[in-house]
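Numbering of ligands and ligand atoms starts at 1, following listing order. Since this is a predicted model, take the numbers as computed values, not measurements.
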Amino acid sequence: MSLAGYTIDSIRAGLLAKKFSSEELAREALAFAEAENPKTNAYLTLAPERALSAAKAVDAKIAAGEDPGALAGVPIGVKDVIVTRGLRTTCGSRLLANYVPPYDATAVIRLERAGGVIVGKTNCDEFAMGSSNENSAFGPVRNPVALDRVPGGSSGGSAAVVAQGTAVLSLGSDTGGSIRQPASFCGVAGVTPTYGRVSRYGLTAFASSLDHIGPFARTVRDSARLLQVIAGRDEMDSTSAFAPVPDYVAALDGNVRGKKLGLPKQFFEGLSSETGDLIMRAVEELKKLGCEVLDVDLPHTQYAVACYYVIATAEASSNLARFDGIRYTARASSAGTLSEMYRMTRGEGFGAECKRRIMLGTYVLSTGYYDAYYLKAQRVRALVARDYARALEQVDAVVGPVSPFPAFKIGELVDDPVAMYLSDIYTITGDLAGIPCMSVPCGKTREGLPVGLQIFTRHFHEAEMFRLAEAYERATAS
Ligand code: GLN
């Protein structure tokens, strides 16, 4: 049975009214996931034992009259770059095909402590590098909305499980758009919180100065509830912020009258016309709700993709050095010497995209090129961040498209990495600036492909972002 009709609130109400037990719901979720997975390949590993024991614990708490937690009984998918103790975590890589972590990520601990039920680990691009989920060593994910199309990436599996109703929520990771772009392609809500808002302890590092963990959900309210649970300072991650976590759900009052929204002109150049029309329609809706719309300038947007691919590859080349055949990974067995073993393990283990990025990253960090590329990119990053800081002095939120086009066909862009990279042009700027941003569904193209509206707000102003997104969602609910 699809879980598409369930929300966190409806599950809680059903559990408390004894309409169903958490165990029954978990069994439904697992059975539906098993039945659907051959179509989409969205899960890499299902976790029946873990799910049922978490569900039984929720049922026991309810039976004892205790609070079962904010996510009680809610089936959740977790992107396979986030480690889970005793549960295989592959990062979409051949190198980690059999890796079973000895600890849980902080976000995982927090959602299980809140009564969440982890159904399984979701497919993704290898080490979160990609925009289509075609870089997974375990095969691509198919978009549940149109099975011949990509779900977006790199958190394609996490978006797909929520869209197909095999989970109610999921966790993804976003370094350059990997939550918002798949959310947009699959027609669900996806949130990239402020950098540092959610602990990355247990998130396999790709580009540490850009990596975020964030929620997927079918509704804005559920995405806010999930962020509420996972956000906040964590001793285990020194980059996690001390800033208090406000009550995100309390902000969802539908009142956005007088809010100022900025439309960056740079985001409307090169947009497919259908996407552009849907975005402008959404902006008109927000105007009807009393928002004031202004033009804002983000003049360095055109440099963002180039800047990102210098910084992200530099950091990746360093982070991926740990996968060497000594520590976590499978080891090439036929190597004679130590250096042969390194070479063979990494040569056989990494897919083409990871190798491309390790080479690029090593190059831009090397003596003589460091200043020309890496340092220059850091300067550009500061300019991109300043563009947003200036725009967000004039307006409460910046709004625009998530991606220039909707979900493309599987195989369509695989041979053109640069075209693939350009699909992240509107999402990457948010990561470079470290500000919160999200994708909220804003309709479908004539072919029935979902499109997402992107909303950016000031650092730690997630509540404002949720308020706008939920007001829009509420006004357009059919
Ligand atoms: N598509 C971008 C990349 O390949 C973003 C990935 C991400 O956000 N993890 O780097």
Decide, yes or no, whether a salt bridge links R467 with E462 under the criterion of side-chain N to carboxylate O below 4.0 Å.
-> no
Exercise: do D211 and T175 side chains pair donor with acceptor under 3.5 Å = yes
Using a strict cut-off of 4.0 Å, indicate which atoms of ligand 1 neighbour a heavy atom of R357.
-> 3 (C), 4 (O), 10 (O)
So, does A312 sit close enough to ligand 1 that a heavy atom of it is under 4.0 Å from the ligand?
-> no
Decide whether a cation-pi geometry holds between R197 and Y248; the criteria are a distance under 6.0 Å from NZ or CZ to the six-membered ring centre and an angle within 45° of the ring axis.
-> no
Cation-pi check, R85 to Y103: give yes when NZ or CZ is under 6.0 Å from the six-membered ring centre and within 45° of the ring axis, no otherwise.
-> no
Which atoms of ligand 1 have any heavy atom of F206 under 4.0 Å away?
-> 9 (N), 10 (O)
Measure the spacing between OG of S366 and OH of Y374 and express it to the nearest 0.5 Å.
-> 13.5 Å
Looking at ligand 1, does E353 have a heavy atom less than 4.0 Å from it?
-> no
Please confirm whether G130 comes within less than 3.5 Å of ligand 1 when only nitrogen or oxygen atoms on both sides are compared.
-> yes
Ignoring angles and geometry beyond distance, decide whether Y308 reaches within less than 3.5 Å of ligand 1 through its nitrogen or oxygen atoms.
-> yes
Near D424 (heavy-atom distance under 4.0 Å), the atoms of ligand 1 are 1 (N), 2 (C)
Y421, portion touching ligand 1 at heavy-atom distance under 4.0 Å = neither
Are any of the N or O atoms of A128 closer than 3.5 Å to those of ligand 1?
-> yes
Output the list of atoms in ligand 1 that are nearer than 4.0 Å to some heavy atom of G176, sorted by atom number.
-> 5 (C), 7 (C), 8 (O)
Examine K79 against ligand 1 and note whether any of their N/O atoms are separated by less than 3.5 Å.
-> no
Option nearest atom 7 (C) of ligand 1 (shortest heavy-atom distance, choices S154, G152, S178) | S178
Taking only Lys NZ, Arg NE, NH1 and NH2, and the carboxylate oxygens of Asp or Glu, determine whether R50 and E112 approach each other closer than 4.0 Å.
-> yes
Decide if the gap between the ring center of Y308 and the ring center of Y421 is smaller than 6.0 angstrom.
-> no
Are S317 and R357 linked by a side-chain donor-acceptor pair shorter than 3.5 Å?
-> no
